[in-house]
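Presented below is the structure to which this report refers.
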Amino acid sequence: MSNVVIVGTQWGDEGKGKIVDLLTEFADAVVRFQGGHNAGHTLVIQGKKYVLHLIPSGIVRANKLCLIGNGVVVDPGALIEEIQHLAELGVAVNSNLFKVSAQANLIMPYHRELDIAREKRKGKGKIGTTGRGIGPAYEDRAARRGIRMSDLLNRQIFEAKLRDNLAYHNFMLENFYNAATFSFEAIRDETMRMAAVLAPYIEDVGQLLHQATRNGQCILFEGAQGTMLDVEHGTYPFVTSSNTVAGNAAIGSGVGPTALHHVLGITKAYTTRVGSGPMPTELNDSIGEHLSRVGHEVGATTGRARRCGWFDAVVVRHAARTNGLTSMALTKMDVLDELETLRVCVAYERNGSRIKDMPSDPSVLEMCEPIYENLPGWKTSLSQAKCLEDLPPEALAYIRKLEELTGVRVSILSTGPDRDQTMVLENPFL
Ligand code: GDP
Ligand code: IMO
Ligand code: MG
């Protein structure tokens, strides 16, 4: 029996959803442990596309337990919408197999409003959030006033908490942000209506995972966002509001750290980022446009264009350290197919010194210039490759170079969006 944690090693959108779907075949339970519906995880199965925001990407496989852990912030309206959307795609979300932690904190309508009002106030210095209310909901959790899933089952407690929270947030919205305020009755009635729909799904997820482990079952932990968006280890303050690194898989789902066996880092063969903040290898030229167009680099949640650039080994080395990566899944290799020469950032330069490790001060990162090594492109399509022997020598050399620079072996190689366009070189579950 082994458990696998999946995390993003860059700025999100590395292809985590695709790999979670692929590996769910070998798991009994899949659990999301942080983030919320700021995530957009895309799966393509025999040409059919599914985009998931909150529900684990394992949901498309039959008879797997899919869980939302305590570390996730849940917008009840977004969750109900996703359940309905999946039903329209022919995926039934059954309350025996899908559960949400009673301890998960809720994203309320005023969190969304606060998120948007803050960004507006920051103007040019904005973070470029998804506007889903993620930050304000995590703040309320840390401030110990958050409303949790379990409160949906107790009207009295819910009303008292809502009244308290609204008194505070309406004051801030009106007097500090000059934004719209919310009516207690309207939120109460709408949330209680949603509570009736969600009640069958609310459970103690930590207990379910504990039982699964005792029964010898395998767990897949599904991370959202990426290491560089981690609230502590990322490019602060241009980050999300949760810990995205592997250690949080334990805290955010209610198991101990000894339950995390293999940490699989999902790594894009180049770099992308949505929103503001430093990105040393960003390309504002025709190659950046090429990566964006061929890689279809448009956000799955907000539809924003993703910034694109060369592979940054400093970023992935930082991810290897902060996540304790066991191996990597290298995705979107096929997007590089047509390029004559590939560049890989091996280190940074600042004031004439070579910097090999991620600077802990993001204002320093902002001033770093990438130092590149060039590698020859393979100029042929990888989309039909089935095994390493099918790869042109230049593609294999590119993989080996990334392994050498990051110190992490590639266990999975993805050469297209479809479930079938994947080579499992070493199964992390076996
Ligand atoms: P996630 O947030 O990490 O799950 O990634 P997203 O789903 O937001 O973005 C990854 C995008 O790349 C999706 O549209 C996937 O369908 C697609 N994708 C995943 N792996 C590959 C690959 O190997 N090649 C190509 N061309 N597309 C891929
Ligand atoms: P997945 O799971 C890429 C980015 C936002 C913004 C910052 C903070 O699909 O990889 P937030 O709304 O979380 O407060 O925004 O984080 N961001 C993501 N970027 N992929 C994601 O998720 C992201 N989730 C948040 O663009 O820069
Ligand atoms: Mg995404």
Side-chain angles (χ1 to χ4, degrees), residues 6-22 32 34-45 47-54 56-57 72-73 75 107 111-112 114-116 118-119 126-139 222-231 234-242 244 265-270 272-279 291 293-307 329-337 381-383 385 412-423:
I6 283 190
V7 288
T9 64
Q10 294 147 320
W11 277 280
D13 303 326
E14 298 90 349
K16 297 176 292 293
K18 170 183 166 160
I19 305 298
V20 169
D21 163 63
L22 181 87
R32 273 277 309 266
Q34 47 68 233
H37 66 311
N38 49 350
H41 296 178
T42 314
L43 340 175
V44 182
I45 301 158
K48 190 167 173 182
K49 184 168 156 178
Y50 305 81
V51 182
L52 293 149
H53 300 287
L54 206 42
S57 303
V72 175
V73 282
D75 179 324
I107 299 180
H111 291 136
R112 261 193 319 271
L114 281 164
D115 192 358
I116 293 162
R118 279 187 198 159
E119 286 281 275
K126 70 176 185 198
I127 289 162
T129 71
T130 59
R132 300 293 192 267
I134 305 291
Y138 275 118
E139 284 168 37
E222 176 177 358
Q225 289 83 51
T227 304
M228 299 309 291
L229 292 171
D230 183 284
V231 67
T235 46
Y236 190 87
F238 299 101
V239 291
T240 191
S241 295
S242 64
T244 60
I266 314 301
T267 303
K268 208 180 268 196
Y270 50 99
T272 63
R273 167 163 211 175
V274 199
S276 328
M279 176 181 167
L291 294 173
R293 180 170 44 80
V294 179
H296 302 289
E297 294 298 352
V298 175
T301 295
T302 55
R304 291 179 292 175
R306 296 174 182 152
R307 301 154 65 189
L330 188 61
T331 63
K332 304 194 89 161
M333 275 284 283
D334 54 299
V335 176
L336 305 177
D337 280 353
S381 170
L382 298 187
S383 64
I412 294 177
L413 187 67
S414 173
T415 56
D418 211 285
R419 191 192 267 171
D420 295 340
Q421 292 170 301
T422 327
M423 290 178 213

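Order of listing sets the numbers, starting from 1, for every ligand and every atom in it. Keep in mind it's a predicted model, so treat the numbers as computed, not measured.
Considering backbone and side-chain N/O atoms, Ala300 never comes within less than 3.5 Å of an N/O atom of ligand 1. The shortest N or O to N or O distance between His41 and ligand 2 is below 3.5 Å. Between Val44 and ligand 1, no pair of N/O atoms sits closer than 3.5 Å. In terms of N/O distances under 3.5 Å, ligand 2 is not approached by Ser276. Looking at ligand 1, you'll find an N or O of Asp334 within less than 3.5 Å of one of its N or O atoms. Where the criterion is an N or O separation shorter than 3.5 Å, residue side chain and backbone included, Gly17 meets it with respect to ligand 1. On a distance-only criterion, Val335 and ligand 1 share no N/O pair closer than 3.5 Å.
The shortest contact between atom 12 (O) of ligand 1 and any protein heavy atom is with Lys332 NZ, 3.0 Å. Protein heavy atom nearest atom 27 (O) of ligand 2, with residue, atom name and distance: Val274 O, 3.1 Å. In terms of protein heavy-atom proximity, atom 16 (O) of ligand 1 is nearest to Pro417 CB, 3.5 Å. Shortest contact from atom 13 (C) of ligand 1 to any protein heavy atom: Thr42 CB, 3.6 Å. The protein heavy-atom contact nearest to atom 20 (N) of ligand 2 is Asp13 OD1, 3.2 Å. In terms of protein heavy-atom proximity, atom 7 (C) of ligand 2 is nearest to Val239 O, 3.9 Å. Nearest non-hydrogen protein atom to atom 2 (O) of ligand 1 is Gly40 O, 2.9 Å. Looking only at heavy atoms of the protein, atom 19 (C) of ligand 1 is closest to Lys18 CD, 4.0 Å. The protein heavy-atom contact nearest to atom 10 (C) of ligand 1 is Asp13 O, 3.8 Å. Looking only at protein heavy atoms, the nearest one to atom 13 (O) of ligand 2 is Thr240 OG1, 2.6 Å. When only non-hydrogen protein atoms are considered, atom 15 (O) of ligand 2 lies nearest to Thr129 CA, 3.3 Å. Ranking protein heavy atoms by distance to atom 12 (O) of ligand 2, first place goes to Thr130 OG1, 2.6 Å. When hydrogens are left out, the protein atom nearest atom 23 (O) of ligand 1 is Ser414 OG, 2.5 Å; that is the closest non-hydrogen contact.
Annotation for ligand 2: atoms under 4.0 Å from non-hydrogen atoms of Gly12 are 10 (O), 20 (N). Residue contact check: Leu229 has heavy atoms under 4.0 Å from atoms 4 (C), 16 (O), 17 (N), 18 (C), 19 (N) of ligand 2. Those atoms of ligand 2 that come under 4.0 Å of a heavy atom in Trp11, given as number and element, are 3 (C), 19 (N). Contact atoms of ligand 1 toward Gly416: 20 (N), 21 (C), 22 (C), 23 (O), 24 (N), 25 (C) (distance under 4.0 Å to a heavy atom of the residue). Close approach of ligand 1 to His41 (heavy-atom distance below 4.0 Å) involves ligand atoms 1 (P), 2 (O), 4 (O), 7 (O). For ligand 2, the atoms closer than 4.0 angstrom to any heavy atom of Ala224 are 2 (O). When each atom of ligand 2 is checked for a heavy atom of Gly40 under 4.0 Å away, the hits are 1 (P), 9 (O). Those atoms of ligand 1 with a heavy atom of Thr415 less than 4.0 angstrom away are 23 (O). Near Gly15, meaning under 4.0 Å from one of its heavy atoms, ligand 1 places the atoms 1 (P), 3 (O), 4 (O), 5 (O). In summary, the atoms of ligand 2 found under 4.0 Å from a heavy atom of Ala39, numbered by their order in the structure, are 1 (P), 2 (O), 9 (O), 22 (O).
The heavy-atom pair separating Gly12 from Leu229 by the smallest distance is N-CD1, 4.4 Å. The two residues Thr331 and Lys268 come nearest to each other via the heavy atoms OG1-CA, 3.5 Å. When all heavy atoms of Arg307 and Ser276 are compared, the closest pair comes out as NH1-C, 3.6 Å. The two residues Arg306 and Asp13 make their nearest non-hydrogen contact at NE-OD2, 3.0 Å. Taking every heavy atom of both residues into account, Phe238 and Gly277 meet most closely at CG-CA, 3.5 Å. Counting all heavy atoms, side chain and backbone alike, Gln225 lies closest to Thr240 at CG-CG2, 4.0 Å.
Between the CD atom in Glu297 and the CG atom in Leu291 there is a gap of 8.0 Å [rounded to 0.5 Å]. In this structure, CD1 in Ile6 is found 10.0 Å from NE2 in His41, a value given to the nearest 0.5 Å. Note that CG of Leu382 is 6.5 Å distant from OG1 of Thr415, once rounded to the nearest 0.5 Å.
Residue contacts with ligand 2 for Phe238 are absent, since no atom lies close enough (heavy atoms, distance under 4.0 Å). By the criterion of a heavy-atom distance under 4.0 Å, neither the backbone nor the side chain of Arg132 is placed next to ligand 2. Residue-level proximity to ligand 2 for Thr301 is absent, since no heavy atom of it falls below 4.0 angstrom.
Counted by atom type alone, Thr235 and Arg273 present one or more donor-acceptor pairs between their side chains at under 3.5 Å. For Ser414 and Lys18, the side-chain atoms include at least one donor-acceptor pair closer than 3.5 Å. Looking only at atom types and distance, the side chain of Asp115 has a donor-acceptor partner in the side chain of Thr129 under 3.5 Å away. Side chains of Thr302 and Arg304: a donor-acceptor N/O pair is present below 3.5 angstrom, by distance only.
Note on ligand 2: Arg304 sits in its first shell, one or more heavy atoms being nearer than 4.0 Å. Under a 4.0 angstrom heavy-atom cut-off, Ser241 registers as lying outside contact with ligand 2. Ligand 2 has Gln225 within reach: a non-hydrogen atom of the residue lies less than 4.0 Å from it. Distances shorter than 4.0 angstrom occur between a heavy atom of Arg306 and an atom of ligand 1. Distances from ligand 2 to the non-hydrogen atoms of Lys16 include at least one value under 4.0 Å.
When you scan the N, O or S atoms of Asp13 for the one nearest the Mg ion (ligand 3), you land on OD1.
Within the 2.8 Å limit, Gly40 places at least one N, O or S atom next to the Mg ion (ligand 3).
Atom NZ of Lys48 has more than 12 neighbouring heavy atoms from other residues, nucleotides or ligands inside a 6.0 Å radius.
For the pair Arg132 and Asp75, the minimum side-chain heavy-atom distance is 4.5 Å or more. Counting only heavy atoms from C-beta outward, the side chains of His37 and Thr301 never approach each other to under 4.5 Å. Counting only heavy atoms from C-beta outward, the side chains of Asp334 and Gln421 never approach each other to under 4.5 Å.
Scanning Gly275, Gly128, Pro136, Ala300 for the heavy atom closest to atom 6 (C) of ligand 2 points to Gly128.
Listed for the Glu119 side chain is a donor-acceptor partner under 3.5 Å among the backbone atoms of Gly128.
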